[in-house]
Amino acid sequence: MKSNALKNGTQNAPHRALYHALGLTEEEISRPLVGIVSSYNEIVPGHMNIDKIVDAVRIGVAMAGGTPIVFPAIAVCDGIAMGHTGMKYSLVTRDLIADSTEAMAMAHGFDALVMVPNCDKNVPGLLMAAARLNVPTVFVSGGPMLAGHVDGAKTSFSSISEAVGQFNAGKITEAKLREYECKTCPTCGSCSGMYTANSMNCLTEALGMGLKGNGTVPAVYSARIELAKHAGMAVMELLKKNIRPRDIMTEAAFQNALTVDMALGCSTNSMLHLPAIAHECGIEINLDIANDISAKTPNLCHLAPAGRTYIEELDEAGGVYAVMNELNKIGLLNTDCRTVSGKTVGENIEGCINLDHNVIRPVEDPYSQTGGIAVLRGNLAPEGSVVKRSAVLPEMLVHQGPARVFECEEDAQAAINAGKIQPGDVVVIRYEGPKGGPGMREMLNPTSAIMGMGLGNSVALITDGRFSGATRGACIGHVSPEAASGGLIGVVEEGDIISINIPENKLELLVDQDILDERMKNFVPKTKELSGYLKRYASLVSSGAKGAILN
């Protein structure tokens with residue numbers, strides 16, 4: 001055991017004295033020390049129940065002969081951080097979480113870890129840490145929120161965001177907006193659609209780092225507590241067999257995750273996080289692989305915001321393993337990959353049938369023959385850009401229109417609210433990338449306003465920032481290189497024609513090359529006065545096309 005180097009022998013008597021100071025008995029000290037990384041806090045709805053999950057994990061570890069020891073990880077609620085300076089601090093926490101978890105685990109010599117995350121940057125940050133530390137590790141999340149209900153229809157966080165746009169457009173009353181406000185998010189848990197948190201929790205199952213149901217069992221179900229106990233027991237089995245994260249998160253496992261991503265129609269943020277996690281495993285994911293996998297992967301799910309089904313219904317339909325079983329019918333998965341269950345992917349998904357074809361389409365009858373995410377390239381995004389194709393209306397898959405240019409999210413939001421955006425426009429929001437934001441803010445407020453005001457079938461939005469998993473529509477993010485790094489998006493002018501062709505994976509600025517050359521020759525990217533962590537982050541962060549990893 002790794003912890004023996006801290007526990008055994010007379011030279012380690014000072015360490016043992018401090019273990020006794022914790023109230024640990026001789027028996028507990030002699031057992032494997034299992035760190036439980038608790039993301040509990042009282043400000044993020046997806047994390048307010050994690051104390052109960054952690055308690056259940058502790059029981060599972062102890063039942064299997066380990067000594068559970070809890071330490072914390074931070075988490076930001078993207079919904080609360082949305083639309084103001086706080087959003088600059090969302091993506092950047094991914095690296096803080098990875099760094100601090102690495103520091104705690106290395107300093108205290110844990111033999112194994114159970115990660116208990118739930119929300120957007122918390123899950124990938126802890127997956128990055130798991131790859132770095134490479135000690136036996138299992139993930140068990142806090143679980144998804146149940147859907148809300150308004151007027152007999154299910155709702156999710158995107159519903160309240162779009163209701164604001166409907167109210168501003170005079171389509172609903174203030175009383176109805178208030179009803180959405182009070183009924184949209186009815187329980188604890190990660191927001192109920194296939195947003196970033198639930199996308200990443202589902203992908204822990206596809207990667208092999210979470211047990212069956214980790215991505216879909218609702219936060220308020222007792223089955224979530226049972227799952228947490230099994231996670232605690234499972235990590236002890238991994239420790240006995242010395243199965244580590246990098247044994248599980250192989251190149252084939254990441255291909256499986258990308259395939260499941262396409263079938264589920266996950267958040268575009270997965271295109272930031274999967275490359276970053278892979279990087280920590282010594283594996284490089286080029287964005288082009290996403291289109292290659294998408295070209296052969298049918299899109300089987302239209303969960304909110306793309307459709308009217310929710311994570312609780314995906315769970316009832318058989319969950320992630322049922323989706324994987326459908327994909328395996330046409331040979332799209334590597335079934336030999338190892339998982340934290342101790343079994344292979346093939347063994348895990350055997351017999352996991354699709355129980356509801358309205359939630360998980362059979363592979364013979366998909367929503368589309370291609371996956372839910374597309375990477376677009378062209379002169380406007382030579383390094384790539386990302387769109388959630390499954391959430392784009394058919395009439396917007398190909399679009400051409402005049403650019404409406406804004407230097408930040410707030411300016412774009414003000415113009416949308418004031419009715420200054422017209423059908424056909426392409427809203428361009430720049431200087432919101434990893435370096436230029438800094439922190440690559442999500443643009444849920446502008447996109448929700450566009451949809452809520454009834455412009456979703458005629459207006460597109462592109463940005464070097466990113467979008468919330470709750471975003472739907474022709475919204476293209478991660479445009480790389482970003483404006484702050486000298487990208488062409490920085491010289492787009494009001495009225496320039498922009499061409500979007502999602503089926504052909506193209507994003508083009510239709511301006512003569514001579515004019516563009518002249519603009520670029522005179523282009524000096526804008527800079528911002530920064531301090532503290534954001535200043536350090538901006539100086540180290542890479543392109544969104546590379547996962548916004550820190551160099």
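For the numbers below, each heavy atom of this structure counts, side chains included, while hydrogens, waters and symmetry mates do not. These figures come from a predicted structure and were not determined experimentally. If you read the sequence from its start, that first residue is 1, and numbering goes on from there.
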- Steps toward side chain to side chain contact (heavy atoms under 4.5 Å, CB included) verdict (Arg246, Glu280): CA-CA 9 Å; Arg246 280 184 240 158; Glu280 299 291 349; over 6 Å; no
- Query: Would Tyr195 and Thr471 satisfy side chain to side chain contact (heavy atoms under 4.5 Å, CB included), going step by step from the backbone distance to the final call?
  - Reply: CA-CA 8 Å; Tyr195 309 145; Thr471 290; over 6 Å; no
Work out which heavy atom in [X] is nearest to a heavy atom in [Y]; give both atom names and the distance.
X	Y	result
Pro275	Ser270	CD-O, 3.8 Å
Phe139	Ala130	CE1-CB, 4.1 Å
Ile360	Ala322	CD1-CB, 3.9 Å
Ala538	Lys435	O-NZ, 2.9 Å

Are any of the side-chain heavy atoms of [X] and [Y] separated by less than 4.5 Å?
X	Y	answer
Glu237	Pro136	no
Arg441	Arg466	no
Arg430	Val479	no
Glu181	Ile160	yes
Asp261	Leu274	yes
Ile373	Val386	yes
Met128	Cys281	no
Arg472	Ser158	no

Under 3.5 Å, is there a donor-acceptor pair between the side chain of [X] and the main chain of [Y]?
X	Y	answer
Asp464	Tyr431	yes
Tyr221	Gly143	no
Glu205	Gly215	yes
Arg224	Ser141	yes
Arg389	Gly371	yes
Ser542	Ile549	yes
Asn201	Asn118	yes
Thr93	Leu91	no
Ser539	Tyr537	no
His230	Ala234	no

- List the steps and the verdict of side chain to side chain contact (heavy atoms under 4.5 Å, CB included) for Asn269 and Ser199. CA-CA 9 Å; Asn269 286 313; Ser199 294; over 6 Å; no
- Walk me through it: do Thr173 and Arg178 pass the test side-chain hydrogen bond (donor to acceptor under 3.5 Å, both in side chains)? CA-CA 9 Å; Thr173 65; Arg178 172 68 174 165; over 6 Å; no
- Are Asp315 and Lys212 close enough for a salt bridge, meaning some N to O gap below 4.0 Å?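 The answer is no: the pair does not qualify as a salt bridge.
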- Item | NZ/NE/NH1/NH2 to OD/OE distance under 4.0 Å, Glu226 and Lys229 | no
- With Phe157, which of Ser448, Cys191, Ser468, Ser192 fulfils side chain to side chain contact (heavy atoms under 4.5 Å, CB included)?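 It is Cys191; the other options fail the test.
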Within a 6.0 Å radius of atom [atom1] on [X], are there more than 12 heavy atoms belonging to other residues, nucleotides or ligands?
X	atom1	result
Lys535	NZ	no
Ile43	CD1	no
Lys546	NZ	no

- Message: What verdict does the salt bridge (Lys or Arg N to Asp or Glu O under 4.0 Å) test give for Arg31 and Asp111, after you've listed the backbone C-alpha separation in whole Å, the side-chain angles of each residue and the deciding distance to 0.1 Å?
- Response: CA-CA 10 Å; Arg31 295 171 181 169; Asp111 297 301; over 6 Å; no
- With His302, which residues qualify under ring pair (Phe, Tyr, Trp, His ring centres under 6.0 Å), at least two apart?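 His302 satisfies ring pair (Phe, Tyr, Trp, His ring centres under 6.0 Å) with Tyr367 only.
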- Run the side chain to side chain contact (heavy atoms under 4.5 Å, CB included) check on Met194 and Cys266 step by step: do they pass? CA-CA 6 Å; Met194 188 54 81; Cys266 289; 4.2 Å; yes
- Task: Would you list the pairs meeting ring-ring contact (aromatic ring centres under 6.0 Å, His included) in which at least one residue belongs to residues 105-132, sequence neighbours left out?
- Result: Phe71-Phe110
- Mind running salt bridge (Lys or Arg N to Asp or Glu O under 4.0 Å) on Asp78 and Lys121 for me, showing each step along the way? CA-CA 9 Å; Asp78 277 27; Lys121 314 310 166 301; 2.6 Å; yes
Which side-chain N or O atoms in residues 47-58 pair as donor and acceptor under 3.5 Å with protein atoms at least two apart or in another chain?
{"unit_1": "His47", "atom_1": "ND1", "unit_2": "Ser39", "atom_2": "O", "d": "2.6"}
{"unit_1": "His47", "atom_1": "NE2", "unit_2": "Cys119", "atom_2": "N", "d": "3.1"}
{"unit_1": "Asn49", "atom_1": "ND2", "unit_2": "Gly142", "atom_2": "O", "d": "3.0"}

- Note on the structure: Here the gap from Cys475 atom SG to Phe467 atom CZ, rounded to the nearest 0.5 Å, amounts to 4.5 Å
- Applying salt bridge (Lys or Arg N to Asp or Glu O under 4.0 Å), run through Glu407 and Lys526 and close with a yes or a no. CA-CA 10 Å; Glu407 307 298 308; Lys526 296 179 180 179; 3.0 Å; yes
